[in-house]
Every structure is written in C-alpha cells, then in structure tokens.
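Counting begins at 1 with the first residue of the sequence.
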Amino acid sequence: MPRHKGDHEARRRDVSAAVWRVLAAHGFGGLTLRAVATEMGATTGLLTHYFPSKKDLVAHALTLLDEHRTATRKAGPEPGGLGALRATLLDILPSTPQAAADNRIWVSSWDAALADPDLAAGHAARYARSRERIRHHVREAQRLGELPSADADDLAASVLSFTLGLVVQALFSPQEFPPERQVRLLDGHLATLAAPAGGLPNGLR
C-alpha cells in the first residue's frame, strides 16, 4: 500500500510525542535516537527516516519546546503597558509544577545549544523574539508613563535577564524560591524600574 501524506504526518506526531516524553523524563542529556525509539517501541532505523542525525533530533526537540511554551502561555485579554509586561514575565517563571518541568527541560537544552553553532543560533533567535515581545510592552508602558523614557532595548534585556536568573535560582533551590517569592521578587524589580516614572499599576503597589 502506498504511504499517504496523512500517514507521514501522523507518524511524525507520534515521534514528536515520544521526543517530548523523553525530554520530560530525562532532559536533553538523555535525548538520543535510541531513547526515542524505545519510547515508541520502534527501531532506530525508523527514526533516521525523520532525523538522520542526533543534531536533527535535537533541533526538532528545541522547536517542539518553543511551540509548547508558546501554546501554554495564558490566554485571555491581556492588560496593556506594565501589566502586560508583568503577565509576560510571570508566564516564564517556574511558579507551577508544569512550568517548573518545562523550565527544567528548557535549561537542560542550553548545553546542547552552546555546543553547536547552528543550535546556538536558533536559541539566540528565540531569545531575540522574547526580547522583542517584551520590548513592545516596555514601549507601551513608556507611552502610558508607567516606565521612564530610557532605552527600551536595554530595559527589555534587563527584565528578561532578571527573569531568567530568577528561573535558574528557583529550579536549583525551589524551597528558597517558592512561587510567592518569585512573584514578589519580580514585582520588586518592576517597581524599581517604574519608580522614576511614578507609574505603579495595582499589582505592583
């Protein structure tokens, strides 16, 4: 019987689901063609039809992770300005069990990405998109008078750097950085940035 495109796409979804389960259980350090094949109950030969090398598998896993992070962002109407910036950063924090699991996978991907120029370039592009999204909220907050008229690029880089640093600390010391402290520290950082402009939304007062 000839294979149809739908069959191919269904199989690729099966492979992607298996990749995700391996990532959730073992992180990027445990992501191998053999591990994914075992998870699927298939042979590595079948997987090489989709991923000729481990690098191709890792690149696909990074794309999956990025798509998952995008899909799990909180839906619904978003406040403008500083409120939107706060909501965006809260979505990054490991403040729920699922968010902590997702962040552990993401942080474990850094080693693989740093070891390969192509994968590193992909990660750099992803972080650039995050800064652009944050920069949009920063500029809106500046327009509303909630943030000072400093360089929006620098402010975006600053708040993302703070948030990622908080992610790492919370992952390694969850008892010292429970969800309520993560939120409190983030709000304190945003309040410090907003103070010169005198614009503190209700959630930061």
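- Within 6.0 Å of CZ in R129 there are more than 12 heavy atoms belonging to other residues, nucleotides or ligands.
- Side chain of Q142 to main chain of L147: no donor-acceptor pair is present (N/O by atom type, distance under 3.5 Å, no hydrogens or angles).
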Check against salt bridge (Lys or Arg N to Asp or Glu O under 4.0 Å), R131 and D153: CA-CA 8 Å; R131 288 194 303 275; D153 290 343; over 6 Å; no
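- In terms of modelled atom types and a separation under 3.5 Å, the side chain of S158 and the main chain of D154 share no donor-acceptor contact.
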side-chain contact (heavy atoms from CB on, under 4.5 Å) evaluation trace for V167 with F162: CA-CA 9 Å; V167 166; F162 175 89; over 6 Å; no
Intermediate values then yes/no, side-chain contact (heavy atoms from CB on, under 4.5 Å), L190 and L89: CA-CA 10 Å; L190 292 177; L89 299 175; 4.1 Å; yes
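- In terms of modelled atom types and a separation under 3.5 Å, the side chain of N103 and the main chain of I92 share a donor-acceptor contact.
- Side chain of T43 to main chain of L46: a donor-acceptor pair is present (N/O by atom type, distance under 3.5 Å, no hydrogens or angles).
- S109 places a side-chain N or O within 3.5 Å of a backbone atom of W106 that can act as its donor or acceptor partner.
- Distance alone, capped at 3.5 Å, places no donor-acceptor pair between the K55 side chain and the D116 backbone.
- Sequence neighbours left out, not one pair with a member in residues 22-45 passes ring pair (Phe, Tyr, Trp, His ring centres under 6.0 Å).
- Within the 3.5 Å criterion, the main-chain N or O of F51 finds no donor-acceptor partner in the side chain of T48.
- R181 places a side-chain N or O within 3.5 Å of a backbone atom of E176 that can act as its donor or acceptor partner.
- A donor-acceptor contact under 3.5 angstrom links the side chains of S53 and D56, judged on distance only.
- Paired with H189 under the rule side chain to side chain contact (heavy atoms under 4.5 Å, CB included), one option of V159, L166, T163 passes, and it is V159.
- Atom CZ of R133 sits about 9.0 Å away from atom CG of L160, to the nearest 0.5 Å.
- Aromatic rings from H60 and W20 are positioned such that their centres are separated by 6.0 Å or more.
- Side-chain polar atoms of R126 and H123 form a donor-acceptor pair below 3.5 angstrom.
- Listed for the Q182 side chain is a donor-acceptor partner under 3.5 Å among the backbone atoms of F177.
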